[in-house]
Amino acid sequence: MVDIAVVGAGTMGAGIAESAASAGLEVVMADVAEEALERGRKAIEKNLDRRVNRGRIAEAEKGEILGRISASTSLEDCAGAPLVVEAVIEDLEVKKKVFTDLENVVGEDAVLATNTSSLSVASIAASARHPERVVGMHFFNPAPVMKLVEVVSGSFTDVSAVRRAEETAERLGKTPIRVSDTPGFIVNRVARPFYLEALRMAESGVEPARIDTAMRDAGFRMGPLQLADLIGMDVNLAVSESIFERYYYQPRFRPSVLQRSMVEAGLLGRKSGRGFYNYSAEGHGDAESSEEPSADISLRIISCIVNEAFFALSEGVATAEDIDKAMKLGANYPRGPFEWVEEIGASTILETLDSLRSTHGEAYLAAPSLRESAASA
Ligand SMILES: NC(=O)c1ccc[n+]([C@@H]2O[C@H](COP(=O)([O-])OP(=O)(O)OC[C@H]3O[C@@H](n4cnc5c(N)ncnc54)[C@H](O)[C@@H]3O)[C@@H](O)[C@H]2O)c1
């Protein structure tokens, strides 16, 4: 019996398969490429070895987990799965084809989920024969570690598909959060200002290490520029560009000219040896600041994050409580945006944005609901 099928054995597909098998589910992992399945399986084995070495699981359990994952180059092997998670490359046409092919093999009651980060669930569902069973299940990288799953309800999605996705996420030990089918869902959208505002400051001459130190002092595990170096400058820029485009070029989301020049110069971060920091043997990726960190830096970045959370809330993307939970679980934030409002005060956040808007323009336009919240506080 198959409990879940995962299509695509790349970074995410293999991670989702590992999470499911670790939770005791029988998994089919399918991919077009035999080598991808081999790589996926090796990646899972390596992760499990790490868990064995850290004493988290016994050697025997590793074997059991691996034994619950069967690999296949044929979608037909997904036939018996009550839920299939698609995690193939981020290409609408490829995804649509996977869904139509899946519909030819799975049972009538099967739910089909997509792990897309930047496409709309409705656009993927549109060409399906039964679009009502197509739902988004947006996992985070690394999937075996990250607890959040954004469960995305598209225009066609039936509530029964949403429930199946939520139940499955819970069986995997994850926290599902319902979000509407809007660009970037919650986490990739509300986290944009974390990078963009830091990049704007770096563009205006603030030392990168000073920005990162200020954010670490504010409780973040990593500074935004350090994290952009880790994610890869090209990957981070591509997400920003996609969100900017999909929100019809609202100034808040304008990507950074500095970041684009860095990508063009090959300064991609850790993977290229240099980004904001130098990762060569001499550089050690040293992220210490020579200047005093400043609370103004973190207030500025946090104010922009809170503003975006208010926009998302008033557009009905998710509840305030879920936005807070999503940012803590999906982005490792020390607090949720609305918890910061409690701590810092809506009026301080609004004043910060209004003052930046008067000097720097519309990127700092405050959400009307934030203004109301400040007025009623
Ligand atoms: N990498 C991340 O951090 C991340 C996080 C959340 C969501 N996502 C989303 O997850 C999806 C997968 O991303 P990834 O980073 O794992 O990509 P990846 O490139 O690592 O893996 C994609 C896999 O899909 C396979 N594939 C391509 N066409 C296929 C087809 N027709 N049928 C079956 N398999 C096919 C490829 O062989 C490859 O193994 C994308 O939609 C991405 O946006 C990625």
Side-chain angles (χ1 to χ4, degrees), residues 5-19 28-44 47 69 71-78 81 84-106 112-121 123-125 127 134-152 154 165 169 172 174 176-177 179 181 183-189 191 195 227-228 230-232 234-243 246 269 271 326 329-332:
V6 181
V7 183
T11 310
M12 294 308 291
I16 297 164
E18 181 188 327
S19 302
V28 170
M29 181 166 77
D31 200 292
V32 275
E34 189 72 62
E35 314 81 74
L37 288 169
E38 194 47 44
R39 261 199 313 275
R41 202 172 174 83
K42 285 221 174 88
I44 295 172
N47 273 342
I69 304 173
S72 171
T73 50
S74 165
L75 281 188
E76 304 212 343
D77 288 317
C78 302
V84 184
V85 182
E86 166 278 311
V88 307
I89 49 169
E90 191 75 337
D91 179 305
L92 180 59
E93 292 315 312
V94 174
K95 287 193 190 282
K96 276 178 160 175
K97 172 89 172 50
V98 167
F99 278 80
T100 26
D101 289 349
L102 277 171
E103 279 198 305
N104 291 330
V105 300
V106 296
L112 306 179
T114 173
N115 186 42
T116 185
S117 300
S118 65
L119 301 167
S120 87
V121 171
S123 70
I124 297 168
S127 56
V134 178
V135 63
M137 277 183 89
H138 188 226
F139 289 79
F140 289 77
N141 190 15
V145 177
M146 301 299 284
K147 291 283 174 226
L148 182 70
V149 178
E150 292 177 323
V151 174
V152 190
L172 265 57
K174 310 288 183 199
I177 278 173
V179 302
D181 194 9
F185 311 129
I186 302 172
V187 174
N188 279 342
R189 172 186 181 166
Y195 306 104
L227 190 53
L230 179 68
I231 293 169
D234 50 342
V235 174
N236 192 253
L237 177 66
V239 179
S240 294
E241 285 181 342
S242 152
I243 291 203
R246 293 199 58 213
K271 64 182 169 189
L329 294 178
N332 290 323

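Atoms within each ligand, like the ligands themselves, are counted from 1 in listed order.
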Yes or no on side chain to side chain contact (heavy atoms under 4.5 Å, CB included) for Met146 and Val187, after CA distance, side-chain angles and deciding distance? CA-CA 13 Å; Met146 301 299 284; Val187 174; over 6 Å; no

Check step by step if side chain to side chain contact (heavy atoms under 4.5 Å, CB included) holds for Asn115 and Met137. CA-CA 5 Å; Asn115 186 42; Met137 277 183 89; 5.7 Å; no

Flag the pair Lys42 and Glu38 as a salt bridge only when some basic side-chain nitrogen lies within less than 4.0 angstrom of an acidic carboxylate oxygen. yes

Measuring only between side-chain heavy atoms, which start at C-beta, is Val239 closer than 4.5 Å to Tyr195? no

Ordered by chain then number, the protein residues lying under 4.0 Å from ligand 1 by heavy atom are Val7, Gly8, Ala9, Gly10, Thr11, Met12, Asp31, Val32, Ala36, Ala87, Val88, Ile89, Glu90, Val94, Lys95, Val98, Asn115, Thr116, Ser117, His138, Phe139, Asn141

Nearest 0.5 Å, please: how far is CG in Leu102 from CG in Leu112? 5.5 Å

Looking only at side-chain N and O atoms, does Thr73 offer a donor or acceptor that is under 3.5 Å from a partner on Glu34? no

